[in-house]
There are 2 protein chains.
Amino acid sequence: MVNNLTETLNFTFAALADPTRRAILERLSFGDSSVTELAAPFDVSLPAISKQLRVLERAGLLTQEKDGRVRRCRLEAQPMKEAVEWIAQYQKFWEDKLESLANFLENVSPEDSTLQEQDSAENDSEGMKP
Amino acid sequence: MVNNLTETLNFTFAALADPTRRAILERLSFGDSSVTELAAPFDVSLPAISKQLRVLERAGLLTQEKDGRVRRCRLEAQPMKEAVEWIAQYQKFWEDKLESLANFLENVSPEDSTLQEQDSAENDSEGMKP
DNA sequence: TTATTATTTAACCATATGGTTAATAATTTA
DNA sequence: TAAATTATTAACCATATGGTTAAATAATAA
């Protein structure tokens, strides 16, 4: 595990950059899970998953507890909090963007100024709950 | 630039995983900047920074606008919003943790239950504004 | 005790990343 | 026009990443 902010952010963002690892975290958000269970949805070998778990562990996003021959994996969300807090300093930049868009729309067509989240759902399974 | 959520998250988190790139983004949060200006604080070559800018561009976190022989770099925060929204689904996990800690402290010493952010400031310059 | 199950470690491979120096392109200044 | 400035591209290198298969370790079941 990691002790200072810079390393926490390095390892946390790196861990979150892989879709398999993000899917593993989503699975764990429904409850603790064994390694085999975690590996099941993916078309890769168990050692591959084992490596992904090391990466998540390094970031402090996952802990393993030995329970007989099974290892119970648990989500640890704390590093995400630090990641979100780092990103939060930029919030005003994307909010400003939205506000100027909102203002633009208001000026152009005052009757229809609803801001709609454009959802590029095409070819995208992120966020699917199993 | 990137069109679907999974790729946005892949590239955005990957871009944020490097401390040099995060520092570049912080610099840009104070205003647009040339490549040379961006490179100045770092002890690496200009081509190295140029590569980092490509990574930020790939994630849609930066745009460059040609202005004579200078390229004006600009922060684009939108992908961070998507990153934060992905992480936000885990918010309750770190909040629950804090709450149970708060409850624990209340039970142990009801007079001194203030939650203090432990700040491991040692060897850590993240978040320093230039 | 011998299998079986769960998981990791070891050794390897291809590709990605982050850095270098040298050369090139484009623009401005002298 | 020649020189200087800004930045990129090219070619290269070391290390990291994400995958593989085979072997090893540990615990439960037969």
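Naming: A, B, ... by sequence-line order, numbering from 1 per chain.
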Spacing between [X] atom [atom1] and [N] atom [atom2], to the nearest angstrom:
{"X": "A/Leu53", "N": "D/dG18", "atom1": "CG", "atom2": "P", "result": "12 Å"}
{"X": "A/Ile49", "N": "D/dG19", "atom1": "CD1", "atom2": "P", "result": "7 Å"}
{"X": "A/Leu62", "N": "C/dT7", "atom1": "CG", "atom2": "P", "result": "12 Å"}
{"X": "B/Ile24", "N": "D/dA7", "atom1": "CD1", "atom2": "C1'", "result": "14 Å"}
{"X": "A/Arg71", "N": "D/dT28", "atom1": "CZ", "atom2": "P", "result": "12 Å"}
{"X": "A/Arg54", "N": "C/dT8", "atom1": "CZ", "atom2": "P", "result": "5 Å"}
{"X": "B/Asp67", "N": "D/dA7", "atom1": "CG", "atom2": "P", "result": "10 Å"}

TODO: Please work out whether the ring planes of B/Phe13 and A/Phe13 are parallel, tilted or perpendicular, with thresholds of 30° and 60°.
DONE: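 The rings of B/Phe13 and A/Phe13 lie parallel, inter-plane angle below 30°.
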Within the structure, does a side-chain N or O atom of [X] lie under 4.0 Å from either OP1 or OP2 of [N]?
{"X": "B/Lys51", "N": "C/dT20", "result": "no"}
{"X": "B/Ser50", "N": "D/dA7", "result": "no"}
{"X": "B/Lys66", "N": "C/dT27", "result": "yes"}
{"X": "A/Thr36", "N": "C/dA6", "result": "no"}

Just compare [options] and give me whichever is closest to any side-chain atom of [X].
{"X": "B/Ser45", "options": "D/dT20, C/dT21, C/dT7", "answer": "C/dT21"}
{"X": "A/Thr20", "options": "D/dT6, D/dG19, C/dA6", "answer": "D/dG19"}
{"X": "A/Val44", "options": "C/dT7, D/dT6, D/dT20", "answer": "D/dT20"}

Open item on the list: Quick check on DNA chain C: between B/Val55 and A/Leu46, whose nearest nucleotide comes earlier from the 5' end?
Closed with: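 Looking at the nearest nucleotide for each, A/Leu46 comes out on the 5' side.
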Polar-atom pairs under 3.5 Å, protein N or O versus N or O of nucleotides 13-17 of chain C: list them with distances, or write none.
none

Open item on the list: Any heavy-atom pair between the side chains of B/Leu28 and B/Arg74 that's under 4.5 Å?
Closed with: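 They are not in side-chain contact.
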TODO: Determine whether A/Thr20 and A/Val44 make a side-chain contact, defined as any pair of heavy atoms from C-beta on separated by less than 4.5 Å.
DONE: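 Heavy-atom side-chain distance check fails, nothing below 4.5 Å.
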Open item on the list: Is a donor from one side chain sitting under 3.5 angstrom from an acceptor on the other, for A/Thr63 and A/Glu76?
Closed with: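 Short answer, yes.
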So, the side chain of [X] versus the backbone of [Y]: is there a donor-acceptor pair under 3.5 Å, distance only?
{"X": "A/Tyr90", "Y": "B/Leu75", "answer": "no"}
{"X": "B/Arg21", "Y": "B/Ala14", "answer": "yes"}
{"X": "A/Arg72", "Y": "A/Asp32", "answer": "no"}

- [ ] Give B/Gln64 one of three labels, base, sugar-phosphate or nothing, depending on what nucleic acid heavy atoms sit under 4.0 Å from its own.
- [x]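 Touches sugar-phosphate only.
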Task: No-H, no-angle donor-acceptor pair, A/Arg69 side chain to C/dT7 base, under 3.5 Å - done: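 By the distance-only test, no, there is no pair.
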